[in-house]
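Here it is, the structure in full.
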Amino acid sequence: MSLGRLSVGVSAGLGGWLAGWLCSTKSEAPPRLRPLPGHPMFGTVSAAMPVPADAPMRDVGTIDPAPAKNASRVSQIMRFGFPGLDNVRSQSDYVLSYDRRARVPHWVFEHLTAESVQRNDEVDRAGCAFNADESIHPYFRAENSDYKGSGYDRGHMAAAANHRVCQQHQQETFLLSNMAPQVGIGFNRDKWNDLEMHVRKLCKVFTNVYVCTGPLYLPRREADGRQRVSYEVIGRNQVAVPTHFYKVVVAESPAGHLEMEAYVMPNQAIPNETPIANFLVPPDVIERAAGLLFFDRMDRSRLKRVNGRKTTWL
């Protein structure tokens, strides 16, 4: 992927920091994936607590087996670990970490299968309504009135079409704690939707698909040469409008092999002809930007591809 292709239609999108990172690593990227100093590649330590500097690294050949079918839904969804533990809450079919300051999620985690995304005529999306999440304190809660007249869509992090087992599952994706303001035409209703459909299509090939989705607030280099993070807020509750969104996916084959894909898309209209592959980025770019560690309990020896490229571990 060339930086030129990445910038088609998104010149104001990925920003100086991310573009610079991609540009600098394009010519220097080694053929083998290496853990970065001081930063575990896809986490071989737990994100749940600090780890002493002299602590031994976790044996990547060991991992908890797949949760039993009668295990809690949370343990099934979070099989490979929590990216972070800030204000974590669970719904019937997804788990999220809520950012009370921004009034949007930090991250939302889903576990998809062919059965869970299969069309179900008994589940009616048209019968679902956007509702404030009353489990969140009113000080930190987003309301429908915040989005009204803002020009932004209420953008699902856990996509409604990913949760078709029953009406309750789909209705819960319409809670505003699962939303973030997204540009509508050209993004939420178009290119972002293309990415969501791509993830669902993975369920036709893979037994389990694990998806983590969330917002980013990336810096932009301004006229004075300095980089700053700037984003809009909407409504009385000042709901933050992310500059970008990420989606990190791990898919498990019937043989137990794992593949990973990581995407960052700018929150703006994107030309329809732009392939979603243009938005693939190294997973640790998202980890650094979001301050999260993804899939930290994953056995890396089972990870056969990252962004379509075969992996070779040291």
Side-chain angles (χ1 to χ4, degrees), residues 10 12-15 17-19 21 47 82-89 91 94-110 130 132-133 136 140-143 146-147 150-160 162 173-184 186-196 199 211-220 227-235 237-249 261-270 276 279-281 283-294:
V10 293
L14 294 183
W17 171 79
L18 184 58
W21 194 96
F82 288 76
L85 293 175
D86 183 20
N87 201 21
V88 175
R89 58 191 59 228
Q91 300 297 340
Y94 67 90
V95 178
L96 66 81
S97 167
Y98 188 71
D99 185 343
R100 294 187 294 184
R101 182 187 61 82
R103 281 76 172 176
V104 299
H106 287 296
W107 52 263
V108 177
F109 231 103
E110 304 168 87
F130 291 96
D133 188 339
I136 295 172
F140 315 120
R141 187 187 301 164
E143 304 280 353
D146 294 316
Y147 287 85
S150 70
Y152 291 98
D153 285 1
R154 292 161 291 194
H156 287 71
M157 298 295 95
N162 291 352
T173 69
F174 282 79
L175 288 170
L176 294 186
S177 55
N178 180 46
M179 304 294 159
Q182 290 185 329
V183 169
F187 187 71
N188 179 42
R189 309 174 201 179
D190 297 288
K191 193 51 60 180
W192 183 254
N193 184 52
D194 290 347
L195 179 56
E196 291 175 334
V199 172
V211 191
C212 188
T213 306
L216 292 173
Y217 308 88
L218 298 185
R220 178 182 299 182
Q227 296 185 66
R228 294 181 175 87
V229 176
S230 177
Y231 57 89
E232 184 181 357
V233 295
I234 59 172
N237 293 301
Q238 299 186 345
V239 179
V241 180
T243 64
H244 298 72
F245 290 92
Y246 69 82
K247 197 176 286 287
V248 183
V249 184
E261 295 177 356
Y263 298 86
V264 172
M265 283 188 174
N267 189 14
Q268 63 183 60
I270 299 171
I276 61 172
F279 302 97
L280 288 165
V281 301
D284 64 293
V285 167
I286 305 175
E287 290 179 314
R288 290 174 181 272
L292 303 169
L293 290 176
F294 299 110

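Just the heavy atoms: all of them, side chains too, but no hydrogens, waters or symmetry mates, feed the values below.
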Next item on the list: Output yes when a side-chain donor or acceptor of Y94 lies under 3.5 Å from a complementary backbone atom of M157, and no otherwise.
Entry: no
Checklist line | W107 and F82 aromatic ring geometry - parallel, tilted or perpendicular at 30°/60° bounds | finding: perpendicular
Next item on the list: Look only at the side chain of R189 and the backbone of F187, and say whether a donor-acceptor pair between them is shorter than 3.5 Å.
Entry: no
Next item on the list: May I ask you to test the V249-V211 pair for a side-chain heavy-atom distance under 4.5 Å?
Entry: yes
Check: Is there a side-chain contact between F245 and L195 (heavy atoms, below 4.5 Å)?
Finding: no
Note to self: Any heavy-atom pair between the side chains of I270 and D190 that's under 4.5 Å?
What the structure shows: no
Item checked: Closest approach of A132 to R141 (non-hydrogen atoms, all atoms of both residues) -> CB-CD, 3.8 Å
Next item on the list: Grab the two heavy atoms, one from H106 and one from D86, that are nearest each other, plus how far apart they are.
Entry: NE2-OD2, 2.8 Å
Margin query: Please check this pair: side chain of E287 against backbone of F294, looking for a donor-acceptor N/O pair closer than 3.5 Å.
Written below: yes
Notebook entry, point to check: Does any N or O in the side chain of D146 come within less than 3.5 Å of the main-chain N or O of Q238, such that one atom is a donor and the other an acceptor?
Noted result: no
Check: Checking N267 side chain against P181 main chain: does a donor-acceptor pair fall under 3.5 Å?
Finding: yes
Checklist line | Heavy-atom pair of closest approach, residues A240 and V233 | finding: CA-CG1, 4.1 Å
Notebook entry, point to check: How are the rings of H156 and F174 set to each other: parallel, tilted or perpendicular (split at 30° and 60°)?
Noted result: perpendicular
Margin query: Could you measure the distance from the CG atom of L96 to the CD atom of E110? Nearest 0.5 Å is fine.
Written below: 10.5 Å
Next item on the list: Could you tell me the separation between the CZ atom of F130 and the CZ atom of R154, rounded to the nearest 0.5 Å?
Entry: 4.5 Å
Margin query: Within the 4.5 Å heavy-atom criterion, are Y152 and V183 side-chain neighbours or not?
Written below: yes
Item checked: Spacing of CH2 belonging to W192 relative to CG belonging to D153, to within rounding of 0.5 Å -> 13.0 Å
Checklist line | Distance-minimising heavy-atom pair for P215 and V104 | finding: CG-CG2, 4.2 Å
Notebook entry, point to check: How close do V241 and Y231 get, heavy atom to heavy atom, and via which atoms?
Noted result: O-CB, 3.4 Å
Next item on the list: Using atom types as modelled and distance alone, determine if a side-chain donor or acceptor of N237 lies under 3.5 Å from a backbone N or O of A142.
Entry: no
Notebook entry, point to check: Side chains of Y263 and L280: does their closest heavy-atom pair fall under 4.5 Å?
Noted result: yes
Next item on the list: List the atom of R89, the atom of I136, and the distance in Å for their closest heavy-atom pair.
Entry: NH1-CG1, 3.7 Å
Checklist line | Polar side-chain atom of N188 near backbone of G184 as donor-acceptor pair, under 3.5 Å | finding: no
Note to self: Within the 4.5 Å heavy-atom criterion, are K247 and I276 side-chain neighbours or not?
What the structure shows: no
Notebook entry, point to check: So, the side chain of T243 versus the backbone of P266: is there a donor-acceptor pair under 3.5 Å, distance only?
Noted result: no
Next item on the list: Give the intermediate values and the outcome of side-chain contact (heavy atoms from CB on, under 4.5 Å) for residues Y246 and C212.
Entry: CA-CA 8 Å; Y246 69 82; C212 188; 4.1 Å; yes
Checklist line | R103/Y98 under side-chain contact (heavy atoms from CB on, under 4.5 Å): CA gap, chis, key distance, verdict | finding: CA-CA 7 Å; R103 281 76 172 176; Y98 188 71; 3.7 Å; yes
